[in-house]
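Quick notes on the structure that follows.
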Protein chains: 2
Amino acid sequence: MNTKPKSQYNERSACESCGVRQLCLPVSLDGEALSLMDDLVKRRAPMKKGDYLFRTGDKFKSLYAIQYGSMKSYGLTVGGKEQVTGFHLTGEVLGMDAIDEDEHHCNAVALEKTEVCELPFTALETLQNEVPSLQRDLNKIMSREIRRDQHMLLMLGSTTVEQRMARFLLNLYERLQKRGASDNTLNLSMTRQDIGNYLGVAFETVSRQLAHMQDKGILEIKNRNIHLLDIETLGAIAG
Amino acid sequence: MNTKPKSQYNERSACESCGVRQLCLPVSLDGEALSLMDDLVKRRAPMKKGDYLFRTGDKFKSLYAIQYGSMKSYGLTVGGKEQVTGFHLTGEVLGMDAIDEDEHHCNAVALEKTEVCELPFTALETLQNEVPSLQRDLNKIMSREIRRDQHMLLMLGSTTVEQRMARFLLNLYERLQKRGASDNTLNLSMTRQDIGNYLGVAFETVSRQLAHMQDKGILEIKNRNIHLLDIETLGAIAG
DNA sequence: ACAGCTCCTTGATCGAGATCAAGAAAGCCA
DNA sequence: TGGCTTTCTTGATCTCGATCAAGGAGCTGT
């Protein structure tokens, strides 16, 4: 047992431990700014699969950087059906859609054991004023999020399911590579249902497409573990 | 002829004339900040249909606020096919996808006679430091863009074309209403081809869907002029 | 280890929408 | 004004992926 349970998630340099600096805010902050950031960043208790980080309608307080694990975000159509809008991996930032109207517009739920850093937004804005480089960083992070979404739009615009599937896999692969993954293995934390929902196809079709790609020698499926064998061909399919 | 041709697009208060304050930056700036903004904002010569504002690979210098007219943005798939990623109306801001990597990632082309305000970004960032409210505004504008894209993702996720079409029309309608439109008429500046590309369907299908909606009494088509007769039903279809 | 889940695969059928084709309407420019 | 191009409509056919259905595989907790 920890003798100071209250500070269990604040003992270490929060900024260092959660990797915000390395993963989310690419510029180098100087010593003082770094220490200011440290005061700002809070760690949260780890979440288990199915735990919610925020829900539609929740008041917006913080951005969240994923330290490890993964999450999905989804909205509800008026018909009440779930519509997955994104998957979020280690090192990525969630919650930026809520800055404008001070309220979250989607649900964010953990897909596995996941830990996030909380970045209280008012404090972040204040610090932005004192540290110009931080301001630039935040702009960049948001810009990147915009591009990510537009990339997705580009993806969904394509007609064939094979292409969407290829792009989905490559996108995951590239994001993992950026985070320092060394092998060609994707450990999907989401169900086929989620993938299908995200890509706008039936989950049976996801299953069939993966099987088809396995037949062609492009990848190897072991449940949720996908080993990419022929990334070049995958890229060719993605177009 | 203008006696001062060089300053043709800078004579009036740029900020007032291009409507940046009202349309893009919702908070009220005080007198001094407003004047600083004025110095910042440049007007550009009007563009005619087909003129490009920027292209993929262009160095990022400025954000652009549309004063009047409309634009489309699109990327190219590796296969070389055009993929429309968005339509942009009066009062909306373009270029935010480029902040991160200092380079534009899509092409922006005028769909009709269009005029934009240029907001040089380095100056904007500097001014951000002096005017905290501006910083918040920029955060909000970017947040809104993120939400817009995620909304689109939600739209494309839906399976039926009828639904996508309905959502597309309603989305345009709402954006025009926000800008003060009083009637229920959409003057589409884009081709059926562009719409189909954007929604991920064949342009013939767009044509047929519109015809079908006209048969059901939901709207009335006169070439590119769409008069919405039954917005409630349209909303019901959109789900 | 077992029951009771959820999740995944595979097969069969059916329909929405892509594609091919042809002509009509509208915009454009000399 | 008339000819040219681009855009739009409408029809016919065919294909891809949705849907329905059934069984198998993998977790989870007891």
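Quick caveat: nothing in here was measured; it's all calculated off a predicted structure. By convention in this document, chain letters (A, B, ...) are assigned in the order of the sequence lines, proteins followed by strands, and residues within each chain are numbered from 1.
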Are the side chain of B/Asp51 and the backbone N or O of B/Lys48 linked by a donor-acceptor pair below 3.5 Å?
-> yes

When the distance from [atom1] of [X] to [atom2] of [N] is rounded to whole Å, what number comes out?
X        : N      : atom1 : atom2 : value
A/Asn225 : D/dG26 : CG    : P     : 13 Å
B/Asp215 : D/dT9  : CG    : P     : 12 Å
A/Ile195 : C/dC7  : CD1   : C1'   : 12 Å
A/Lys48  : D/dT28 : NZ    : P     : 13 Å
B/Lys222 : D/dT9  : NZ    : P     : 14 Å
A/Asn197 : D/dT19 : CG    : P     : 12 Å
B/Arg208 : D/dT13 : CZ    : P     : 13 Å
B/Leu210 : C/dG17 : CG    : P     : 14 Å

Non-hydrogen side-chain atoms of B/Met47 and B/Met71 separated by less than 4.5 Å | yes

Report the residues that fulfil ring pair (Phe, Tyr, Trp, His ring centres under 6.0 Å) with A/Phe60, sequence neighbours left out, ordered by chain and then residue number.
-> A/His104, A/Phe121

Of the candidate nucleotides C/dG17, C/dT10, D/dT10, which contains the atom at the shortest distance from the side chain of B/Thr205?
-> C/dG17

Looking at the side chain of B/Glu204, which of D/dG17, D/dT10, C/dA18 is the nearest nucleotide?
-> D/dT10

Set out, line by line, the N/O atom pairs under 3.5 Å between protein and nucleotides 5-8 of chain D.
| unit_1 | atom_1 | unit_2 | atom_2 | d |
| --- | --- | --- | --- | --- |
| D/dC8 | OP1 | B/Arg224 | NE | 3.1 |
| D/dC8 | OP2 | B/Arg192 | N | 2.8 |

Looking at [Y] and [X], is there a salt bridge between them, counting it only when a charged N and a carboxylate O are closer than 4.0 Å?
X        : Y        : answer
A/Arg175 : A/Glu92  : yes
A/Lys72  : A/Glu82  : yes
B/Arg224 : B/Glu112 : no

Once you round to the nearest 0.5 Å, how far does OH of B/Tyr74 lie from CG of B/Asn197?
-> 10.5 Å

A/Glu162 (side chain) and D/dC16 (base): donor-acceptor pair under 3.5 Å | no

